[in-house]
Amino acid sequence: MISQTLREARKYEEMMETRITPEERPAFHLSTRVGWMNDPNGFSFYQGEYHLFYQYHPYDPYWGPMHWGHAVSSDLLHWRYLPVIMAPDMPYDKDGVFSGSAVTRPDGTQLLMYTGVLKEPLPDGRFTEIQTQCIALGDGKDYEKYEGNPVLTERDLPQGFSKNDFRDPKIWMEEDGTYACVVGNCTQDRDGQILLFRSPDGFHWHFVSVLVKNHDRFGKMWECPDFFPMDGKYVLLTSPQDMFPQGFEYHNGNGTLCLVGSFDREAGKFTEEHDQAVDYGIDFYAPQTILAPDGRRIMIGWMQNWDTSSQHPRERKWYGQMTLPREISLREDGRLMQRPIRELDALRCNEVRYEKVRFTDTLQLEGIRGRKIDMELSVRPGSAEKPYRKFAVRFAQEGVFHTAVSFRPYESILKIDRKFSGSRRGIIHQRRCLINHQDGAISLRIILDRFSVEVFVNGGEQVLTATIDTVQSAEGISFFVDGEAELDVVKYDIR
Ligand code: FRU
């Protein structure tokens, strides 16, 4: 039985999506079916397909009472929408069905674990939010909320742990068939922490430990944790709110933190060895990962950021898209490496290649243009004695429009700039980061879709992601150097 609220949401999205043409959407990134999208939820491989759910407010292009939208794909690039699966329609989640995750049970059903939100009036007339963890069971199309919900509440928390910031369970099944999950939380003074819970059956849960504590280092409340073994280590991803920048890391206010370390399973303790930002651009938050059937760890994130996400006009037909899925791994030194999923290679066509092009000043190359492209660049100084001072590539270029990535070897700083990318607002448009290079030699892979750019630096050592709004006819690409540089370029259109 589906509720009236869910039925209405299904009717609404079906009707409104017809007003959005395929050309008005990203070509190979998932966007919201209608209205608003934030975090990826329940990212899973289930019954032979990838499923991606998402935080969803169908009724307008702004955040509102959260539902779970749903899309499926066989290659993580072409998505098919399915009807919204959950609405805020129960006494324990009537103010929001917040983020969560998915696991397949031995009987073949899919179990979703999510956060239910309930507003509680305070004596002074204001409201506080109570957040609990809940379960829904389904078959990849329809899901039923568990009658025993909520399965984790403030009663399960040690004293002094916030019941108002207690959300975003990431569940997995252990080798012995039991279940575990990590949940974002904070102390009364909003210092973030990640909690570990266990369950014999996915329905009855108990608190095990504080897996990691922030100790006031990375922002305040920690949202959307993910925790998994990879390349001999354990990785904790979380999205802290309200971060101070540290040098060239964590410039996003709300951004994503990657902690690499070891895990003592018995004690439920994670020991950190290394920390870094996950993305160095503007629009990246709340990623989730899955272990694909072929063993790859694939991560997908919300390709927006909270601080700029309420500046768009109300007439927008949709707002919110996901990043390209990225294969992630750890390098010897613990660095998180990211590369676009290899499924993208199958969509590359119309190769245009240039090698060892020496130039000074500006350069345009026949055939190097386009707006749905995958382009690899390798840049080095024109001569060993004379390093260049600045290199820039401009794309989505036409008339007053362009988006730029520039690099200054003397400072080792790479910058992304989307000031001239269709925005009429004075929101943040630039971000800079420190990158590695050998005497000015760097490599960039730039993936451009209708409304976004993702720049993979030096084989995925760093990634800079940004959304853009530039008119679609802006297909120009040009290069600039202060000094002399030598360039290899290969560009593919994405089919
Ligand atoms: C992160 C987040 C989550 C929450 C969801 C609500 O972007 O704030 O913590 O579950 O969004 O939409």
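Keep in mind that what you see is a predicted model, and the values were worked out from it rather than measured.
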Q. Taking only residues two or more places apart in sequence or in another chain, which ones pass side-chain hydrogen bond (donor to acceptor under 3.5 Å, both in side chains) with Arg217?
A. Glu272

Q) Judged by modelled atom types alone, do Trp68 and Asn41 share a side-chain donor-acceptor pair under 3.5 Å? A) yes

Q: Sort and list the pairs that fulfil ring pair (Phe, Tyr, Trp, His ring centres under 6.0 Å) and have at least one residue in residues 94-141, not counting sequence neighbours.
A: Trp63-Phe98

Q) With sequence neighbours excluded, what pairs up with Thr32 under the side-chain hydrogen bond (donor to acceptor under 3.5 Å, both in side chains) test? A) none

(Q) Tell me if the aromatic rings of Tyr319 and Tyr62 count as close, with their centers under 6.0 Å from one another. (A) no

Q) Sequence neighbours excluded, which residues qualify as side-chain contact (heavy atoms from CB on, under 4.5 Å) partners of Ile290? A) Phe43, Tyr50, Ile298

Q: List in chain and number order the residues that pass salt bridge (charged side-chain N to carboxylate O under 4.0 Å, His left out) with Glu411, two or more places apart in sequence or in another chain; answer none if no residue qualifies.
A: none

Q.
Check this for me: does any side-chain nitrogen of one of Asp191 and Lys213 sit under 4.0 Å from a carboxylate oxygen of the other?
A. no

**Q.** Contacts of Glu14 that satisfy salt bridge (charged side-chain N to carboxylate O under 4.0 Å, His left out) - sequence neighbours left out
**A.** none

Q | More than 12 heavy atoms of other groups within 6.0 Å of Phe244 CZ | A | no

Q | Flag side-chain contact, heavy atom, 4.5 Å: Leu196 against Phe270 | A | no

Q: Sequence neighbours left out, what passes salt bridge (charged side-chain N to carboxylate O under 4.0 Å, His left out) with Asp176? Give chain and number order.
A: none

Q: Return the set of residues passing side-chain contact (heavy atoms from CB on, under 4.5 Å) with Leu291 (not counting sequence neighbours), or none when no residue passes.
A: Arg297

Q) Partners of Ser162 by side-chain contact (heavy atoms from CB on, under 4.5 Å), sequence neighbours excluded? A) Asn164, Asp165, Asn185, Cys186

Q: Please collect all salt bridge (Lys or Arg N to Asp or Glu O under 4.0 Å) contacts where either partner lies in residues 1-10, sequence neighbours excluded, each pair once.
A: Arg10-Asp142

**Q.** Side-chain H-bond candidate by donor/acceptor type, Gln311 with Arg425, under 3.5 Å
**A.** no

Q.
If we count only N and O atoms by modelled type, under 3.5 Å, do the side chains of Ser44 and Gln110 hold a donor and an acceptor together?
A. yes

Q) Do Arg424 and Asp469 sit within salt-bridge range, that is, some charged N less than 4.0 Å from a carboxylate O? A) no

(Q) With a 6.0 Å cut-off (strictly less than), is the heavy-atom count around NZ of Lys11, excluding the residue itself, greater than 12? (A) no

Q | salt bridge (Lys or Arg N to Asp or Glu O under 4.0 Å) partners of residues 31-46, not counting sequence neighbours, each pair once | A | Glu13-Arg33, Glu17-Arg33

Q: Indicate yes or no: does Glu461 engage Arg335 in a salt bridge with an N to O separation below 4.0 Å.
A: no

Q) Partners of Asp124 by salt bridge (charged side-chain N to carboxylate O under 4.0 Å, His left out), sequence neighbours excluded? A) Arg126

Q) What orientation do Phe218 and Trp222 show, parallel under 30°, tilted 30 to 60°, or perpendicular over 60°? A) tilted

